[in-house]
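Comments concern the structure below.
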Amino acid sequence: MNLRSWRFFVYHGFQNILRNRVMSLASVTAIMVALIVLGLILVIVVNLDVMMKEVESKMEITLFLKDGVTDSERSSLEKEISSWQGVYDVEFISRHQALEEWKRQLGDKGSLLDGYTGENNPLPDSFLVKIEKPEYVNTIVEKAKEIPAIEEVNYSSKVAEFIEWLARTIRLVGMGLVAVLAGVAAIIISNTVRLTVYSRRREIGIMKYIGATDWFIRWPFIIEGLILGVMGSVIATGVVALGYKFLLDRSSYINMRWGYLGIFRLLPLNEVMLYVLEASLLVGACVGVLASCLSIRKHLRV
Amino acid sequence: MNLRSWRFFVYHGFQNILRNRVMSLASVTAIMVALIVLGLILVIVVNLDVMMKEVESKMEITLFLKDGVTDSERSSLEKEISSWQGVYDVEFISRHQALEEWKRQLGDKGSLLDGYTGENNPLPDSFLVKIEKPEYVNTIVEKAKEIPAIEEVNYSSKVAEFIEWLARTIRLVGMGLVAVLAGVAAIIISNTVRLTVYSRRREIGIMKYIGATDWFIRWPFIIEGLILGVMGSVIATGVVALGYKFLLDRSSYINMRWGYLGIFRLLPLNEVMLYVLEASLLVGACVGVLASCLSIRKHLRV
Amino acid sequence: MIQFRNVTKVYPNGLCALSNVNFTIANGEFVFIVGASGAGKTTLIKLLLKEIEPTSGSIIVDDVDLSSLKRKEIPYYRRKLGVVFQDFRLLPDRTAYENVAFAMEIVGASPKEIRRRVPAVLSMVGLGSKAHAYPHQLSGGEQQRVALARALVNNPSILIADEPTGNLDPVTAMEIMKIINLINRRGTTVIMATHAKSIVNAMRKRVLQFRKGVLIKDEQEGGYFDEP
Amino acid sequence: MIQFRNVTKVYPNGLCALSNVNFTIANGEFVFIVGASGAGKTTLIKLLLKEIEPTSGSIIVDDVDLSSLKRKEIPYYRRKLGVVFQDFRLLPDRTAYENVAFAMEIVGASPKEIRRRVPAVLSMVGLGSKAHAYPHQLSGGEQQRVALARALVNNPSILIADEPTGNLDPVTAMEIMKIINLINRRGTTVIMATHAKSIVNAMRKRVLQFRKGVLIKDEQEGGYFDEP
Ligand SMILES: Nc1ncnc2c1ncn2[C@@H]1O[C@H](COP(=O)(O)OP(=O)(O)OP(=O)(O)O)[C@@H](O)[C@H]1O
Ligand SMILES: Nc1ncnc2c1ncn2[C@@H]1O[C@H](COP(=O)(O)OP(=O)(O)OP(=O)(O)O)[C@@H](O)[C@H]1O
Ligand SMILES: [Mg+2]
Ligand SMILES: [Mg+2]
């Protein structure tokens with residue numbers, strides 16, 4: 001295969017597209033549509049993922065103090081923790097308050113704890129630390145662990161566990177959906193290319209009968225598939241980007257209403273779109289080429 | 001159009017499908033794939049919807065008591081409420097406890113409330129009622145409202161509000177996705193039919209030149225589109241049903257782990273599948289027919 | 001009656017396929033259209049079939065100007081014509097039988113009538129045994145005869161044949177010409193474009209000869225005139 | 001050298017298109033294949049092109065048994081042959097020029113060579129002015145000549161033509177035959193299936209006549225023998 005042949009193949013790949021405009025348009029539309037859905041899902045998953053991570057980490061941290069920490073140590077500790085970057089509130093919860101709370105949570109069975117009072121109380125004193133932004137959580141946890149007076153750092157709870165599970169589930173389901181849709185795109189594209197090839201089976205036959213080798217027939221189709229795939233993915237990314245931009249522009253309203261929950265924050269355009277572009281270029285190009293290859297194979301058997 | 005013509009059209013609709021197996025298979029696959037995605041989304045949305053409604057309603061209810069309710073009245077009331085169906089715990093929270101809690105919630109700014117003490121306390125006494133199953137919520141709320149000693153019933157909270165918002169959002173996004181996918185399916189199907197028609201433009205031309213009327217040419221294609229659409233939707237529903245059945249069979253494990261949260265309960269097969277079958281039959285048939293109509297139009301202009 | 005009045009056809013690429021053609025064909029006539037390759041014979045037939053429109057001039061068939069035909073009326077007009085196309089135009093996914101039957105189905109014939117008539121016409125053109133073969137299973141000449149059978153099956157009042165013997169050996173060709181002649185005797189107008197010099201000379205019918213789109217000869221009982 | 005040895009072809013539907021055919025064609029010969037419609041001429045050509053396989057018997061071309069050709073070798077074998085198909089087989093979305101050029105591109109000819117040779121061959125078959133028309137813009141005879149030009153453009157060592165004059169008027173047909181004869185004189189083997197009695201009789205070449213798949217006559221300097 002010399003350079004001249006390649007130029008010939010690429011030229012004819014493009015020419016095929018231009019000559020069969022109806023078919024090509026249909027193919028690009030199918031690819032585009034599949035990839036738009038793919039892009040949409042990707043955008044949602046990527047955003048949800050980040051959001052959920054934020055929710056997960058935007059927990060209150062409980063620092064359990066060692067027994068025998070004096071009041072003065074305690075108040076200096078409270079001041080120190082308050083001064084850490086990202087901390088916006090530190091609340092002291094005495095072991096007595098904690099016991100009360102525990103009793104309350106147990107409700108009916110609160111009386112089980114009636115044996116615990118005063119010195120008997122098995123619970124430690126603790127600080128409830130509230131954090132401004134999720135980015136600080138890890139640093140604060142690390143710092144807290146280094147303080148000798150602090151016995152244990154606990155930043156999980158039933159709710160946190162549930163949210164974690166939810167996040168994991170959404171991520172999983174999302175990824176599953178992306179996989180399914182990639183498959184869908186593959187099937188649609190391969191169908192489209194198969195139809196294109198099918199509708200040109202006469203042409204393929206003619207080429208064979210005048211002495212064209214299999215690869216000579218194949219290459220223009222493969223390149224055609226590649227071009228269609230890439231075109232579809234570029235357009236799809238464009239459409240998704242436009243849609244996302246529109247959403248971003250609108251998101252100020254949503255943020256106004258729910259922003260204080262701090263979880264509905266859309267990722268910036270370029271960050272998300274890079275993923276989408278990569279994924280759809282990859283899927284588009286691969287599937288375009290594969291679909292062509294598979295489709296031609298059958299009709300080359302003459 | 002007499003009966004004979006109709007039999008002819010239906011016969012040729014089927015014959016078209018059988019004769020052009022490659023095309024028909026491709027079309028059915030495309031329709032099927034689109035409708036599978038549609039079905040999947042529907043299943044998720046319907047389930048999530050119900051789940052979210054459950055979460056929403058599985059709230060604790062706070063009953064605020066009127067001023068001047070005596071202790072004996074209170075304890076008889078507590079007993080009464082405890083006896084209601086669906087109630088599994090009633091906890092009394094005194095106005096003093098409530099004030100403490102409020103102060104705790106305000107944290108830093110808790111001192112603002114220092115002025116309120118004893119008789120000054122503006123908060124009412126209340127019961128915190130926990131409910132077994134979400135179905136009971138409404139009845140309990142109604143009953144509570146009828147009791148004269150109860151001033152106000154409050155069963156919303158910030159968390160509840162958020163969950164409500166989440167449910168609404170998921171429902172909205174889900175419906176949006178379903179709409180988008182219906183559009184996607186339409187485009188794919190119309191493309192497929194267009195390709196079918198395009199590949200038979202010669203045949204259409206021949207029919208015209210030997211004196212076939214436009215409608216005579218059109219009907220078999222329309223019926224073909226209808227058949228393809230219905231076939232695709234039936235297969236798609238079958239696939240989704242199988243997948244859902246598999247999930248249902250597996251869901252015991254999931255329920256074991258998270259069942260106590262009471263929200264992961266999948267709807268029974270037939271309930272969900274009815275929606276899916278309806279939706280996909282409707283979409284499949286309509287789009288099949290519409291796509292055929294639109295596609296033939298162009299090629300009839302000779 | 002078929003009338004061409006000052007008909008000119010210029011294709012979009014500027015090629016003038018017919019220029020200022022005038023002739024009248026009475027009902028029941030048998031007319032050969034001859035001329036070198038590219039002379040405009042097929043163009044003339046396509047015009048008559050309203051497959052293409054003349055650039056200027058008018059074509060009148062049975063007192064109806066074709067340009068005044070409404071879209072809806074075209075199929076009914078075409079049913080008056082039985083046409084054998086130069087490229088056959090058989091439906092590739094139907095058997096010989098089905099291709100012929102299809103022409104009857106179009107005009108709403110009853111299944112009984114179809115079952116009676118189609119085999120008769122197929123065996124008339126010598127294809128009784130090939131009724132259930134698909135076009136790609138037929139030889140060139142056999143396909144051509146299926147096309148002829150389809151054109152004849154509805155007893156058209158005008159038979160138009162473009163090169164109906166081009167793929168036939170002389171013996172089969174002569175048999176086909178006998179059939180067409182018979183059809184003509186029963187009152188059908190026949191218009192036949194052909195290159196078969198021997199046939200034209202043998203039949204002694206009216207000959208319209210074209211050269212590069214110009215009608216150069218219109219002769220009753222004419223022969224094929226070899227151009228220099 | 002082309003050899004058919006006891007070649008029988010039975011189509012999947014049970015039709016015996018060729019039965020026990022034996023003949024040898026030496027290099028540089030000119031052979032007419034004649035016979036009634038459906039006699040098996042096109043089947044013979046398809047076998048020679050390895051488009052279909054014989055049911056039994058063997059076909060040997062230049063000492064190579066076609067059945068022993070590997071899949072990969074088939075295209076290179078076919079390049080030795082220039083073929084004019086009965087149904088033309090032109091690529092519908094390429095112009096006459098491009099269709100002919102395509103045959104050269106396949107064998108890896110340089111663009112310069114293509115630009116030189118294609119117009120020459122097209123004007124040889126009388127289509128110099130129609131180089132940039134698409135097949136649907138050409139008359140039947142013009143398409144046939146494009147097919148001939150494509151078959152000739154690579155100077156094949158064997159020219160196979162199935163009815164290359166079926167859509168041509170006698171004058172153009174004679175010109176085409178002159179060209180084919182010239183090609184033959186330059187050393188190309190020519191195998192031509194035809195119904196054109198006058199041409200066969202005028203050329204006085206070797207004639208292989210078939211009847212229902214059986215070789216009934218193999219005559220040097222033969223004529224077209226009308227069967228009863
Ligand atoms: N669609 C078209 N666009 C442009 N030119 C055309 C078109 N169809 C035919 N022609 C040209 O018009 C001329 C007449 O064509 P036509 O098919 O009528 O010839 P013909 O007499 O039938 O020839 P033949 O005997 O070879 O079939 C030819 O030169 C042809 O190239
Ligand atoms: N694919 C096929 N399947 C079954 N039968 C076939 C097939 N192709 C050809 N035949 C039959 O084989 C016989 C020979 O066909 P062939 O095409 O070789 O004839 P031919 O001599 O070329 O005739 P013509 O002069 O009409 O072109 C015919 O009777 C035809 O119906
Ligand atoms: Mg013509
Ligand atoms: Mg043949």
Side-chain angles (χ1 to χ4, degrees), chain B residues 1-27 193 195-225 227-228 292-293 296-302, chain C residues 42 45-53 69-95 98-114 134-135 146-154 156-158 160 162:
Chain B
M1 293 289 155
N2 52 17
L3 189 70
R4 197 195 308 143
S5 297
W6 282 110
R7 270 179 43 200
F8 171 85
F9 296 147
V10 172
Y11 174 76
H12 279 287
F14 272 103
Q15 214 177 38
N16 276 350
I17 290 175
L18 288 178
R19 287 263 165 84
N20 294 277
R21 271 179 229 113
V22 180
M23 290 280 180
S24 301
L25 206 74
S27 302
V193 179
L195 289 181
T196 318
V197 173
Y198 179 81
S199 77
R200 297 207 213 143
R201 63 199 184 285
R202 239 184 81 89
E203 267 175 84
I204 295 178
I206 293 171
M207 290 184 200
K208 287 184 68 70
Y209 296 135
I210 61 174
T213 58
D214 290 355
W215 277 107
F216 193 90
I217 297 172
R218 248 176 230 145
W219 273 116
F221 281 104
I222 293 176
I223 289 169
E224 188 185 348
I227 297 170
L228 292 178
S292 296
C293 290
I296 318 162
R297 259 180 87 188
K298 209 187 114 197
H299 287 288
L300 277 179
R301 309 244 156 271
V302 185
Chain C
T42 301
I45 287 172
K46 283 182 178 170
L47 284 170
L48 203 49
L49 200 65
K50 211 170 154 62
E51 183 177 335
I52 52 178
E53 297 295 321
L69 274 183
K70 293 199 199 77
R71 226 184 112 61
K72 285 206 160 183
E73 296 167 341
I74 297 175
Y76 301 97
Y77 163 66
R78 285 183 181 152
R79 291 179 192 177
K80 274 203 274 201
L81 318 172
V83 188
V84 182
F85 298 92
Q86 192 170 10
D87 51 359
F88 315 154
R89 298 200 188 169
L90 300 176
L91 297 171
D93 63 350
R94 307 206 179 181
T95 62
E98 288 168 336
N99 263 286
V100 178
F102 187 69
M104 293 190 76
E105 284 163 352
I106 280 175
V107 299
S110 75
K112 210 169 131 193
E113 227 177 310
I114 293 176
Y134 288 93
V146 175
L148 178 64
R150 184 179 64 185
L152 293 178
V153 77
N154 284 331
S157 62
I158 303 170
I160 300 172
D162 197 353

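Computed from a predicted structure; not experimentally measured. Below, read A as the first sequence line, B as the second, and so on, with proteins coming before strands; counting in each chain starts at 1.
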query: Can you name the side-chain contact (heavy atoms from CB on, under 4.5 Å) partners of B:P220, sequence neighbours left out?
result: B:F9, B:H12, B:N16
- line: The side-chain contact (heavy atoms from CB on, under 4.5 Å) partners of C:P92 (sequence neighbours excluded) come to B:E203
Side chain, backbone, both or neither: which part of [X] has an atom under 4.5 Å from a heavy atom of chain B?
| X | result |
| --- | --- |
| C:L81 | neither |
| C:E98 | side chain |
| C:F88 | neither |
| C:Y77 | neither |
| C:R150 | side chain |

query: Is there a donor-acceptor contact under 3.5 Å from the side chain of C:R89 to the main chain of B:I206?
result: no
Side chain proximity check, B:F216 to B:M207, heavy atoms < 4.5 angstrom: no
- request: May I ask you to test the C:N154-C:M104 pair for a side-chain heavy-atom distance under 4.5 Å?
  value: yes
